[in-house]
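As structure tokens, the structure follows; a few thoughts come after it.
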Amino acid sequence: SGQEVQTENVTVAEGGVAEITCRLHQYDGSIVVIQNPARQTLFFNGTRALKDERFQLEEFSPRRVRIRLSDARLEDEGGYFCQLYTEDTHHQIATLTVLVAPENPVVEVREQAVEGGEVELSCLVPRSRPAAVLRWYRDRKELKGVSSGQENGKVWSVASTVRFRVDRKDDGGIVICEAQNQALPSGHSKQTQYVLDVQYSPTARIHASQAVVREGDTLVLTCAVTGNPRPNQIRWNRGNESLPERAEALGETLTLPGLASADNGTYTCEASNKHGHARALYVLVVYDPGAVVEAQTSVPYAIVGGILALLVFLIICVLVGMVWCSVRQKGSYLTHEASGLDEQGEAREAFLNGSDGHKRKEEFFI
């Protein structure tokens with residue numbers, strides 16, 4: 001607080017604007033000089049001394065001298081002298097620090113990625129200060145990379161590599177390299193997205209223009225092919241036979257006009273690339289419209305016949321049950337205890353006066 005001149009250190013990002021301030025205490029109108037790190041005089045008592053339009057005098061008062069630096073550069077970094085010439089010379093140094101924000105990282109692949117193998121990506125930020133921190137992300141998950149840095153004068157060159165296995169489903173996926181340092185605003189970063197190019201063997205599948213094919217129809221077969229690199233040639237054939245003369249094969253489509261039973265057979269489409277070969281089959285069966293109508297009309301009669309047969313069976317079962325119930329034996333039944341009933345007359349007396357061989361009286365319900 002007892003100093004005649006006070007300054008504050010300033011940090012600015014490259015290309016930004018910095019303000020350098022000298023605070024004066026008990027200023028008596030003496031000479032004030034502001035010099036750059038090379039000890040060149042910028043302003044002498046409010047008058048420009050160095051012809052550098054990037055420096056502007058914003059304020060010159062008995063309490064404060066403030067200059068403004070536009071488009072700050074690395075060579076502007078250093079100590080700025082604020083000197084007050086009174087009976088005793090007083091000076092203070094304001095240190096200007098220039099940071100360098102990273103540009104968008106450069107992402108490259110070391111060699112072509114193939115399904116089932118590994119891919120190695122490199123990320124480079126050639127210029128930053130302080131050294132940028134690099135991170136990798138894939139599907140919103142951070143990948144572990146290996147980073148290295150090299151100092152070139154006042155700036156750093158930083159690189160990072162990452163390796164991981166890939167499959168065909170990873171083709172077209174996005175990997176992000178992110179760079180951060182203190183020169184960027186809080187929460188901001190520089191990112192570069194890399195789209196994975198994974199090569200894989202082809203697949204093939206045939207789609208027909210209609211499910212039921214009748215004589216005289218026109219059938220279009222489409223061979224849906226995938227692969228990276230995409231197969232540029234598709235071959236059509238029919239088993240061990242040649243294609244019908246009317247057939248028109250054009251790339252992924254095969255057109256068969258005016259179908260006849262002679263066109264029946266197994267049709268195939270074939271595609272290949274440098275990673276493999278694919279083949280798809282389609283069995284063509286041309287139906288006679290008359291046979292189709294006959295088959296369709298026979299279905300209701302078969303259903304009606306089945307229902308009638310079931311009803312007849314149920315009626316027969318009912319009749320058999322009725323006959324059995326009507327002819328089953330009915331009447332009175334005698335137990336062993338009632339033997340001699342006819343001789344003694346009444347059933348009551350027969351039970352009461354049973355033969356001497358009976359030890360006890362028993363009753364039976366029939």
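Residue numbers count from 1 along this sequence.
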| query | When you look at H275 and V114, which way does the side-chain contact (heavy atoms from CB on, under 4.5 Å) test go after all the steps? | reply | CA-CA 9 Å; H275 300 291; V114 180; 4.0 Å; yes

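- For Q180, the side chain to side chain donor-acceptor pair (under 3.5 Å) partners are R135, not counting sequence neighbours.
- Salt bridge status for R66 with E8: absent, with no side-chain N to carboxylate O gap under 4.0 Å.
- In summary, the side chains of Q191 and N104 do not present any donor paired with an acceptor at a separation below 3.5 Å, with no hydrogens or angles considered.
- Residues passing the side chain to side chain donor-acceptor pair (under 3.5 Å) test with R68, sequence neighbours excluded: S70.
- The pair R127-E103 fails the salt-bridge criterion, with no side-chain N (NZ, NE, NH1 or NH2) lying under 4.0 Å from an Asp/Glu carboxylate O.
- T47 and N45 share no donor-acceptor pair across their side chains, judged by distance under 3.5 Å alone.
- Stacking of R39 on the aromatic ring of F81 is recorded, both the 6.0 Å distance cut-off and the 45° axial limit being met.
- Under the 4.0 Å criterion applied to side-chain N and carboxylate O atoms, R54 and D52 are assigned as salt-bridge partners.
- With contacts defined as side-chain heavy-atom distances shorter than 4.5 Å, the pair V175/W136 qualifies.
- Side-chain polar atoms of N181 and S128 form no donor-acceptor pair below 3.5 angstrom.
- In this structure, V10 and T97 have side chains that are not in contact, with every pair of non-hydrogen atoms separated by 4.5 Å or more.
- The side chain to side chain donor-acceptor pair (under 3.5 Å) search around T203 returns T226, not counting sequence neighbours.
- A side-chain donor from one of H25 and Q6 sits under 3.5 Å from a side-chain acceptor of the other.
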| Does the pair H90 and V5 meet the rule for a side-chain contact (heavy atoms from CB on, under 4.5 Å), with working shown? | CA-CA 7 Å; H90 303 275; V5 180; 4.2 Å; yes

| Check against side-chain contact (heavy atoms from CB on, under 4.5 Å), Y267 and L221 | CA-CA 9 Å; Y267 290 78; L221 300 180; 4.2 Å; yes

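- A salt bridge links K154 to E77: one of the charged nitrogens lies within less than 4.0 Å of a carboxylate oxygen.
- Placement of V33 and L69 in two distinct hydrophobic clusters is found when ILVMFWY residues are connected by side-chain heavy-atom separations under 4.5 Å, directly or transitively.
- Considering only heavy atoms from C-beta on, L57 comes within 4.5 Å of V65 through its side chain.
- Using a 4.5 Å cut-off on side-chain heavy atoms (C-beta onward), R73 and D71 make contact.
- Note on D263 versus R246: salt bridge recorded, some NZ/NE/NH1/NH2 to OD/OE distance being below 4.0 Å.
- A side-chain N or O of S189 and one of E178 form a donor-acceptor pair less than 3.5 Å apart.
- Side chains of E270 and Q233 form no contact here, defined as non-hydrogen atoms less than 4.5 Å apart.
- Side-chain contact of Q83 with Q35: a donor-acceptor pair under 3.5 Å is present, judged by distance alone.
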| task | Any chance you could lay out the side-chain contact (heavy atoms from CB on, under 4.5 Å) test for F60 and V32, step after step, and finish with the verdict? | result | CA-CA 10 Å; F60 185 85; V32 179; 4.1 Å; yes

